[in-house]
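Here the structure is laid out as structure tokens; the discussion comes afterwards.
Counting from 1, the numbers follow the sequence of the chain as shown. Not measured: the values here are computed from a predicted model.
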Amino acid sequence: MTTQFPRIVHVDDAEPNRRRGGDLRAMLTPTAVGATSGFMGLAIVQPGERIGEHYHPYSEEFVYVVCGDLEVDLDGVPHALGPDQGLMIPVDMRHRFRNVGRTEARMVFHLGPLAPRPDLGHVDTEETPRALPPEHAEVTS
């Protein structure tokens, strides 16, 4: 029997990933902590930034907004998402997030189950342009 030990990971220990917009920090992953059922992280999204549209062919995604005002498009339909709200995104549902507020937004995300291989877990459906600095970003809220 294999014994797995608990691991504590600080957000600063997770590499920033800005390829899809925002600052995505995959924290509790198979590589980092030996997770076998999914992975968890934090999305840090500045005013005017967005996380580009994508979907997950194998995983549900659970999100919880810690702070900030986001708008999420679910299969093209926009929904407001704010602090202390959670959302479950079904397998294969296209989604993108936008920070529509004037302050940084932080959102915890968890995906599970894992895809058979990491390269199969995430399908981008649009290119994500680099966000403008906050002082130049259009704010809609």
Side-chain angles (χ1 to χ4, degrees), residues 2-141:
T2 303
T3 302
Q4 199 168 5
F5 295 98
R7 292 276 316 272
I8 297 173
V9 177
H10 190 276
V11 69
D12 292 340
D13 295 332
E15 287 291 318
N17 176 344
R18 299 179 189 279
R19 289 185 310 247
R20 294 181 175 101
D23 176 356
L24 305 178
R25 307 279 179 112
M27 297 172 60
L28 305 177
T29 67
T31 303
V33 300
T36 60
S37 64
F39 67 94
M40 191 276 307
L42 179 69
I44 304 166
V45 188
Q46 299 302 321
E49 282 187 326
R50 73 176 188 192
I51 298 168
E53 187 184 78
H54 61 282
Y55 67 93
H56 308 283
Y58 294 92
S59 307
E60 296 173 327
E61 183 169 2
F62 301 86
V63 301
Y64 176 79
V65 179
V66 177
C67 62
D69 295 305
L70 296 168
E71 189 169 74
V72 58
D73 295 332
L74 301 171
D75 279 342
V77 179
H79 301 272
L81 194 58
D84 297 329
Q85 289 186 309
L87 167 68
M88 192 280 285
I89 302 168
V91 170
D92 283 332
M93 180 171 278
R94 292 177 297 115
H95 53 284
R96 82 167 59 82
F97 297 91
R98 287 182 298 283
N99 183 335
V100 295
R102 296 185 181 275
T103 61
E104 177 180 276
R106 287 183 172 234
M107 176 180 71
V108 175
F109 60 88
H110 176 270
L111 284 91
L114 294 170
R117 297 189 329 249
D119 61 308
L120 298 176
H122 187 107
V123 178
D124 291 313
T125 54
E126 70 180 359
E127 277 193 45
T128 305
R130 302 281 279 159
L132 294 171
E135 62 271 13
H136 298 291
E138 180 181 328
V139 179
T140 60
S141 176

Quick check for you: to the nearest 0.5 Å, what is the distance between [X] atom [atom1] and [Y] atom [atom2]?
X	Y	atom1	atom2	answer
His95	His79	NE2	NE2	12.5 Å
His54	His122	NE2	NE2	4.5 Å
His10	Arg25	NE2	CZ	10.0 Å
Ile51	Arg96	CD1	CZ	11.5 Å
Leu81	Leu87	CG	CG	6.0 Å
Arg7	Thr29	CZ	OG1	9.0 Å

Between Ile89 and Phe62, is any pair of side-chain heavy atoms under 4.5 Å apart? no
Heavy-atom check, side chain of Thr103 versus side chain of Cys67, under 4.5 Å: no
Nearest atoms (heavy-atom pairs only) where [X] meets [Y]:
X	Y	result
Val100	Glu71	CG1-CB, 3.9 Å
Glu104	Pro47	N-CD, 4.1 Å
Met27	Val33	O-CG1, 4.5 Å
Ala26	Ala14	O-CB, 3.6 Å
Ser59	Ala115	OG-N, 4.4 Å
Arg50	Val45	N-CG1, 4.4 Å

Show, in sequence, the C-alpha distance, side-chain angles and deciding distance for Thr36 and Leu114, and conclude whether the side-chain contact (heavy atoms from CB on, under 4.5 Å) test is met. CA-CA 7 Å; Thr36 60; Leu114 294 170; 5.5 Å; no
Any carboxylate oxygen within less than 4.0 angstrom of a Lys/Arg side-chain nitrogen, looking at Asp73 and Arg98? yes
Will you find, in the side chains of Asp124 and Tyr55, an N or O donor that is under 3.5 Å from an N or O acceptor? no
Do any N or O atoms from the side chain of [X] and from the backbone of [Y] form a donor-acceptor pair under 3.5 angstrom?
X	Y	answer
His110	Val108	no
Ser37	Pro113	no
Glu126	Glu53	yes
Arg106	Val66	no
Asn99	Gly48	no

